[in-house]
There are 2 protein chains.
Amino acid sequence: MAEVTLKDVALASGCSIATVSRVLAGTRPVGAETARTVRAAAERLGYRPNHVARALRSRSTGTVGLVLPQITNPFFPSLVRELEHALHAEGRAVLLADCDDDPATEAARIAAFLGRQVDALLLIPVDERRSREAVAGAAARVPLVLLDRGCGPGVADSVAVDNAAGMALVLDHLAATGRRRPCFVGAAGTASAAVERRAAYEAGAAALDPEAPGRIALGDFSVEWGRAAVDRLWPSRPDALICANDLIAAGALQRLRQLGADVPREVAVTGFDDIPLAGLADPALTTVRQPVGELAAEAARLLGRGPGGEQGPRHTVRLAPRLVVRDSG
Amino acid sequence: MAEVTLKDVALASGCSIATVSRVLAGTRPVGAETARTVRAAAERLGYRPNHVARALRSRSTGTVGLVLPQITNPFFPSLVRELEHALHAEGRAVLLADCDDDPATEAARIAAFLGRQVDALLLIPVDERRSREAVAGAAARVPLVLLDRGCGPGVADSVAVDNAAGMALVLDHLAATGRRRPCFVGAAGTASAAVERRAAYEAGAAALDPEAPGRIALGDFSVEWGRAAVDRLWPSRPDALICANDLIAAGALQRLRQLGADVPREVAVTGFDDIPLAGLADPALTTVRQPVGELAAEAARLLGRGPGGEQGPRHTVRLAPRLVVRDSG
DNA sequence: CTGAAAGCGCTAACAT
DNA sequence: ATGTTAGCGCTTTCAG
């Protein structure tokens with residue numbers, strides 16, 4: 001059961017440890033004949049490189065930490081999946097942390113990952129403000145890319161969907177289908193998704209109705225809030241409920257059905273994100289799909305460059321979403 | 001930015017590297033006075049232990065690999081969450097792998113994790129049979145616990161819900177509420193959940209109706225199959241659709257609604273797992289809740305013991321589920 | 001192109 | 001209770 005080491009392979013192939021290392025890691029040119037011998041010996045003995053030793057020596061673990069608020073948020077699994085694939089494809093492994101939506105836990109997880117010498121950190125911050133200190137500290141030590149949510153200007157590179165463009169897509173569609181009394185059901189707080197989607201609504205809704213930009217109800221990104229929002233808003237008979245994410249929309253749909261409202265005839269309902277639930281809702285939800293694969297690819301790409309630290313200007317990448325028209329509006 | 005090492009702390013506190021290590025790792029008794037001095041120096045210099053070096057020396061990375069078929073399967077995120085918390089609580093970090101439901105990818109991920117010297121592996125096998133070889137190989141090298149799904153007898157320790165008990169709960173409930181023409185909508189294949197849930201239905205359904213055990217339709221664990229199953233079964237007017245998981249049930253519910261069936265009056269629909277979607281379905285789904293927290297705790301506990309390898313008999317832990325009665329039946 | 005030697009930062013024997 | 005001595009398995013100078 002004793003592991004086969006470079007030394008064993010060197011012994012078996014009659015050359016030095018250094019040469020074996022060079023062959024197997026492909027670091028430097030090696031004679032064709034020698035290389036063959038070494039590879040054969042390695043194969044025969046079942047040599048498996050020890051990444052820990054390699055990491056200690058080369059100061060690179062080939063590991064990236066993925067820190068997110070709550071894996072149970074239905075938008076994240078598909079993102080995690082894409083990230084995992086993108087990173088494993090480059091031979092990097094993913095350490096996962098779930099922060100329970102708590103900035104203190106988040107700070108602890110970041111610290112733990114730093115102690116484990118992750119090469120880089122991929123982070124979806126819990127909170128725009130309360131995550132900032134830990135994020136900034138980490139960004140000074142390793143390459144760090146913020147995903148999906150921001151964390152204040154200049155803190156780190158970030159990749160996210162273009163929320164304003166997504167909202168514009170929704171508003172255009174609603175305008176084109178004749179809606180004139182829209183209402184925005186959003187989330188309070190400073191999270192970038194909340195802020196940007198709301199701002200985009202305020203900026204674009206006037207095209208449907210001069211009064212529209214003022215019709216805003218703010219809660220949080222939950223199904224419960226979607227239900228509650230309907231109770232509050234339905235009496236004023238909006239003809240479109242523009243929800244800041246799919247969970248809110250799902251709650252709204254549910255409550256509207258209970259109230260006997262006819263969706264989409266009486267009122268359209270739209271979401272944002274296109275989580276798996278969206279296609280299953282009744283009626284199936286019209287929503288804005290995030291370009292999850294590209295977000296992941298872009299994040300992985302950004303991680304590649306630079307040794308982290310304070311250097312250089314921060315990059316902010318915004319990717320275009322696309323509208324998925326289903327039955328709800 | 002050069003990292004502070006044990007040596008620096010030793011120098012600053014005037015004692016040997018070994019002593020500092022002993023204080024900071026708490027491995028052996030150390031004089032109270034010395035300990036204080038060392039700790040102060042470490043604190044002052046901002047010492048952070050290097051886990052990679054520690055791992056190389058102690059042959060333990062404090063890392064466990066979590067390998068699962070597809071993080072986008074809605075049952076897994078909550079399991080991942082609980083596992084992450086349980087393991088981080090013991091100071092272990094989680095390497096995550098998503099296998100895309102492909103045994104070859106699974107084998108590759110397992111190998112990658114082994115190369116990274118994970119202390120243990122937590123694995124939800126992709127396939128009962130096709131995962132076996134890779135799993136057995138890994139189980140011979142590190143402690144390995146199978147979660148949620150089995151992988152043939154004697155391959156490794158395993159922790160899962162008691163599927164038979166869950167099905168019995170459903171059947172009892174349906175019997176108590178007067179259902180007499182149930183039908184099982186399951187999944188084909190050899191996955192343990194598929195087999196066990198079906199077998200439990202066959203064993204218990206006779207209590208409702210002598211003909212019931214034969215009324216079985218098999219597809220896969222998907223929403224699409226749930227919809228298709230309704231098209232096939234509805235003409236025979238069952239009064240209960242017992243679905244093998246919540247996705248199937250969600251599809252069935254959706255199709256039944258389209259057909260104008262009255263759930264639960266005309267027909268009850270039940271699921272299994274209690275994924276987040278279950279509470280959101282319309283009507284809200286009656287289902288069997290898996291004890292996710294306990295599954296995770298038990299798996300973490302099992303990982304703790306033993307150095308892996310071939311030793312000892314395999315443990316199989318089955319945890320009791322509970323019935324969550326909502327509106328669908 | 002290849003070998004010898006020097007560690008990466010830490011822990012574990014072995015001394016004292 | 002503390003210090004000294006060896007490495008863990010690998011990469012990487014530095015010679016040749």
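Because the structure is predicted, anything quoted here is derived from the model rather than measured. In what follows, every chain begins at residue 1, and chains take the letters A, B, ... in the order their sequences are listed.
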Side-chain donor-acceptor pairs of residues 21-29 of chain B under 3.5 Å, sequence neighbours excluded:
none

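Considering only residues two or more places apart in sequence or on other chains, B:Ala297 meets the side-chain contact (heavy atoms from CB on, under 4.5 Å) condition with none of them. The side-chain contact (heavy atoms from CB on, under 4.5 Å) search around B:Leu56 returns A:Val52, A:Ala53, A:Leu56, not counting sequence neighbours. Among residues two or more places apart in sequence or in another chain, the salt bridge (Lys or Arg N to Asp or Glu O under 4.0 Å) test is passed with B:Glu133 by none. The side-chain contact (heavy atoms from CB on, under 4.5 Å) test applied to A:Glu298 returns A:Val159, A:Arg301, A:Leu302, A:Val317, A:Leu319, not counting sequence neighbours.
The side chain to side chain donor-acceptor pair (under 3.5 Å) pairs that include a residue from residues 38-50 of chain B number zero, where partners must be two or more places apart or lie in different chains. Sorted by first and then second residue, the side chain to side chain donor-acceptor pair (under 3.5 Å) pairs with a member in residues 54-73 of chain B read A:Arg116-B:Thr63, B:Ser60-B:Asp119, B:Thr61-B:Asp119, B:Gln70-B:Asp101; sequence neighbours excluded. Counting only residues at least two apart or on different chains, the salt bridge (charged side-chain N to carboxylate O under 4.0 Å, His left out) pairs with a member in residues 87-98 of chain A are A:Glu90-A:Arg92.
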- [ ] Can you check each nucleotide of nucleotides 7-16 of chain C against protein heavy atoms at under 4.0 Å and return B for base, S for sugar-phosphate only, - for none, in 5' to 3' order?
- [x] BBBBBBB---
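Under a 3.5 Å cut-off, the side chain of A:Glu82 and the backbone N or O of A:Glu294 do not form any donor-acceptor pair.
Considering only side-chain N and O atoms, A:Thr19 lies under 4.0 angstrom from the phosphate OP1 or OP2 of C:dG3.
Judged by distance alone, the side chains of A:Thr19 and A:Ser16 do bring a donor and an acceptor atom under 3.5 Å apart.
For the segment residues 38-45 of chain B, no residue has any heavy atom less than 4.0 angstrom from an atom of DNA chain D.
Over its full length, the helix from C:dC1-D:dG16 to C:dT16-D:dA1 turns its helical axis through 40°, comparing axes from the five pairs at each end and rounding to 10°.
Protein chain A contacts DNA chain D from D:dG9 to D:dT13, reading 5' to 3' and using non-hydrogen atoms of the protein with a distance under 4.0 Å.
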Open item on the list: Go through it in stages, so that I can follow the logic: the residues are B:Asp127 and B:Arg149, the test is salt bridge (Lys or Arg N to Asp or Glu O under 4.0 Å), and I'd like the CA-CA distance, side-chain angles, deciding distance and then a yes or no.
Closed with: CA-CA 8 Å; B:Asp127 186 274; B:Arg149 310 178 179 181; over 6 Å; no
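Between B:Arg36 and B:Glu33 there is a salt bridge, with a side-chain nitrogen of the basic residue lying less than 4.0 Å from a carboxylate oxygen of the acidic one.
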